[in-house]
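First the proteins, then the strands, lettered A, B, ... as listed; each starts at 1.
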Amino acid sequence: MVLMEYEDKETPIHRLSALAKFVWFGTVIFLFTLYTEPRPLPIVAAEVVLVGLLARISWRKLLSRAWWAYLGSIVGGLTVSLWITTPAQLKRIPAEIGVKILLEITPEGTPILGHRAVTYAGLLWATALTLKVALAVSAACVLTYSTPLSEMVALISRVLPYKVSFIIMAGVRFYPVLMEKVQTIIDAAKSRGWGTTSRNPVQRVRSVSTILFPSIREAMGLADKMSLAIEARAFGTTKPTALKMTKVNVKDVVFMLMSISFAIALAFMWWQYGFGEL
Amino acid sequence: MAERYPAVLEHVTFSYEGADRPVLDDVSLRINRGEVTAILGSTGAGKTTVAYALGGVIPNYIRGELKGEVIVEGLNTKDHSLHEIAQHVGLVMDDPEAHIVSFTVWEDAAFGPCNLGLPVEEVYDRVNFALGATRLDGMRMRNPYKLSGGEKQSLAVAGVLSMRPSVLVLDEPISMLDPLGRERVRSVLKDLNEKYGMTFIFSDYDAERVVGIADRLVIVDEGRIVLDGECHEVLQQTEVLEEAGVHLPESTQLAARLRQDGFWKGDLPATIEEATSFLASELSVGQYVRAKGEETHDRVREAVVSIHNLHHEYAGGVQALRGVDIDIYAKEYVALIGQNGSGKTTLAKHISGLLKPTNRGARISVAGLDITQAGMREVATKVGYIFQIPEHQLFCSTVSEELRFGLKNLGISEDESEARVAEVSRELGLHGIEGELLMSLNRGKRFRVVLASVVAMDPEVVIVDEPTTGQDWRDSLYVCGFLERLRRAGKTIIMITHEMNLVATFATRIIVMYQGRVLLDGSPRAVFSKPDILRQTWVQPPAMTRLSSALSEYGMPSDLLTVPEVYDALMRLHRRAG
């Protein structure tokens, strides 16, 4: 469900409240919505790496789990960049440089696709997108690695009713258990010669329905047992005790202020000088 | 009355909704305070229903027709909600994962008290007590899902313990655990009873597992209590116990046989220690009977399964296998044993092609087929894999459809399928129920359907992962006996299990896995005569091996495995002395 699961460590980032880390993550994402070119991104990257280092995250593990997101962003970025071919898409870079064609993919008048080409601005845009996705994934991983899911849910439950937030929490917890059971069902089917090798879509759907039946039965059985277990533990009978796990202290306030100030400074440069715009 | 009996069933008859006959039939039971009561019986005897009735799940959660009264700590379960009852009687189900609701051990234990709206200090007090009592104190921030089986079961106990019940009801708490997990749960329960005087009621089908913890045994058969009394006293009624499908402790079985010959005098023992002490007094030092020779299992020296340099690393860096080299021969009945996480299932999944090696030089072949390169359909013709839970492997609605599922996938002709299905149905006693819905069958029958549908595919190798899960002793013996018949017919059997009694009775070879490597490999006699090495994996030799080893100074061969073997040796010693 999450790329980097929470690990109980004694680091300055782990000791921060979920609220402080959510605010930091929000500022990082906010900055990404502003930038369309990569120049300011190394500054944001430095911030994410610094927080990751303080959280003692395993970068090797992160790379091994998130490589597909990075690869996808490169492919997606490069593909979408082929659409950046007109001066109207540029605000700061001179048109003669920005939309100068480096490699033509399809000539003008090509049906559906139209004129597609690799341009200088397109490459900058693709680089920015790749970096933004990579950094957003890394920041999300730092967040989930250093914050117990329960604290995140507790934070959400300040906004949402207890029952709703519990359902979210149970869903998150239920997911890996269910997936493990579904994997067993798939393995059992495979070991009896079941497979989805047919290219015929109807055959493929029929084939998948084979494992759907036991999977749904399993999910319902598990949900039934879980609901019995939570009912026996007095769920929903009275206003529950709040354990105040999201208490905010001075360190949290300092961290939040630093994150917000950093974001405001970069946003000001973007707004005032177009720093980070194509 | 509540002071003396915290839980009482008075003439309870219960039928599940839609059932044509009651699962409990006029059951009356009074549980004494501070007592540990084990409810024993076969699958479907009514053990779980008794547990659910005591825990208030019946009639509050599971509907049906309930006659009679269930009173817990003075509360009639008909008049009080489940959570009210839960503060007096905590119910722990057989699947500990169903109890886990939070992301850390601490929060999970705190879930109940928080829901009661208790002050924060009280929540902390209760959680600290529950985690301390279940020895989970050092794991407060661990993810419950990543705990071992025994730790998860302990957490399930902690979760209900923090509701401060005076009675704990546990439905088959140790049947799904490995030896280490069983030991952990047993000692936690023992501690709770001895230190805090807590009342326990738990169900099982195996008397061997409850001896040493239970003060009282209640035997249930077809919804009725057929025996109820102090542990030692109930164990004397071996015929009633066997009739009810209860697996007797092996020392009791042995003594019962010896008593028929007049060799055993007095009460039947419950433990190996009691049996050893009596037998030692009857035998004299210096007598000696020769050990029976190793069985010759017409082993054909042709490797059916050949594994070389197999490594497997799961995503996340867990090294599950670290260089496994094994040859398994035709007509072998191999028991794969070891702790959970030792690599048994990972190894079996490689043999069946469900996992691929993560190293370059690994070789796995089954009946000449290179498993590392073959497709799953090809592998399925060579290897049949039966998973633990039958419900995970039922893909169709009726027995008949299920039996044909694998054959259809392999593209076997209708006529051929018909013949194969008819044969396995006959062999596994499924004749006459082909049209029945799978979900209407009991668990034992469902397991047989899975077994039959795999065997119908005619694989060279049959792998069975824990054939005892959710089944009683009789069903387990039936399944293992059927596998033995397959072995004699030329198949190779690989059984993953924690049940050493079954291993001793059926296996021709044991492979002990430990931390991803083969720790021991040999005949059951050879493996079980190395208890010091086995201790690393928490595996205990079967009861009869321990007994014969303890009596070796009296001339007993120290490597006997089963009750008949020990009985024979004792009778020979007895005759010689006489």
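When heavy atoms are compared at a cutoff of 4.5 Å, B:Lys349 approaches chain A solely by way of its side chain, counted from C-beta outward. With a 4.5 Å cut-off on non-hydrogen atoms, A:Glu231 touches chain B through its backbone and its side chain both. For A:Lys239, the part lying under 4.5 angstrom from a heavy atom of chain B is the backbone only. For B:Met376, the parts lying near chain A are the backbone and the side chain together; criterion is any non-hydrogen pair under 4.5 Å. Interface remark: B:Val92 contributes no atoms to any contact with chain A (heavy atom separation under 4.5 Å). Both the backbone and the side chain of A:Phe235 have a heavy atom closer than 4.5 Å to some heavy atom of chain B.
A:Arg192 has a carboxylate O that lies under 4.0 Å from a charged side-chain N of B:Glu402, or vice versa, which qualifies the two as a salt bridge. The pair B:Lys382-B:Glu378 fails the salt-bridge criterion, with no side-chain N (NZ, NE, NH1 or NH2) lying under 4.0 Å from an Asp/Glu carboxylate O. A salt bridge links B:Glu391 with B:Arg443: the closest approach of a Lys/Arg side-chain nitrogen to an acidic carboxylate oxygen falls below 4.0 angstrom. A salt bridge links A:Lys61 with A:Glu7: the closest approach of a Lys/Arg side-chain nitrogen to an acidic carboxylate oxygen falls below 4.0 angstrom.
Between chain A and the options B:Ala98, B:Gly406, B:Ala380, the largest number of non-hydrogen pairs under 4.5 Å is found for B:Ala98. Interface summary for chain B: among A:Ser64, A:Ala232, A:Ser209, the most heavy-atom pairs under 4.5 angstrom belong to A:Ala232. Heavy-atom pairs under 4.5 Å with chain A peak, among B:Ile389, B:Leu355, B:Leu394, B:Asn143, at B:Leu394. Among B:Gly117, B:Ala156, B:Gly56, the residue with the largest count of heavy-atom pairs under 4.5 Å with chain A is B:Gly117. In terms of heavy-atom pairs under 4.5 Å with chain A, the best-connected choice from B:Leu116, B:Asn115, B:Thr381, B:Asn409 is B:Asn115. Ranked by non-hydrogen atom pairs under 4.5 Å with chain B, the options A:Ala189, A:Ser191, A:Gly193, A:Pro240 are led by A:Gly193. Top candidate by heavy-atom pairs under 4.5 Å with chain A, chosen from B:Gly159, B:Ala110, B:Ser81, B:Pro113, is B:Gly159. Ranking B:Ile100, B:Ile85, B:Val379 against chain A, the residue ahead of the rest is B:Ile100, based on heavy-atom pairs under 4.5 Å.
Summarising the geometry, atom OG belonging to B:Ser453 is positioned 8.5 Å from atom CZ belonging to B:Phe395; distances are rounded to the nearest 0.5 Å. The CZ atom of A:Phe32 sits 6.0 Å away from atom CG of A:Leu41, with the distance rounded to the nearest 0.5 Å.
Side-chain contact of A:Asn249 with A:Arg15: a donor-acceptor pair under 3.5 Å is absent, judged by distance alone.
Taking the ring centre of A:Tyr145 as origin, the terminal cationic atom of A:Lys9 falls outside the region bounded by 6.0 Å and 45° from the ring axis.
Ring to ring, B:Tyr385 and B:Phe387 are close: their centroids are under 6.0 angstrom apart.
Interface residues of residues 219-229 of chain A toward chain B, defined by a heavy-atom distance below 4.5 Å and sorted by number: A:Leu222, A:Asp224, A:Lys225, A:Met226, A:Ser227, A:Leu228, A:Ala229.
Judged purely by atom type and a 3.5 angstrom limit, B:Asp108 uses its side chain to pair as donor or acceptor with the backbone of B:Val101.
In terms of heavy-atom proximity, B:Ala348 sits nearest to B:Ile463 at O-CD1, 3.7 Å.
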Q) Would B:Trp106 and B:Tyr124 count as a ring-ring contact (aromatic ring centres under 6.0 Å, His included) if you check the C-alpha gap in whole Å, the side-chain angles of each, and the deciding distance to 0.1 Å? A) CA-CA 9 Å; B:Trp106 193 91; B:Tyr124 274 82; 4.9 Å; yes
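Heavy-atom neighbours of A:Met258 CE from other residues, nucleotides or ligands within 6.0 Å: at or below the threshold of 12.
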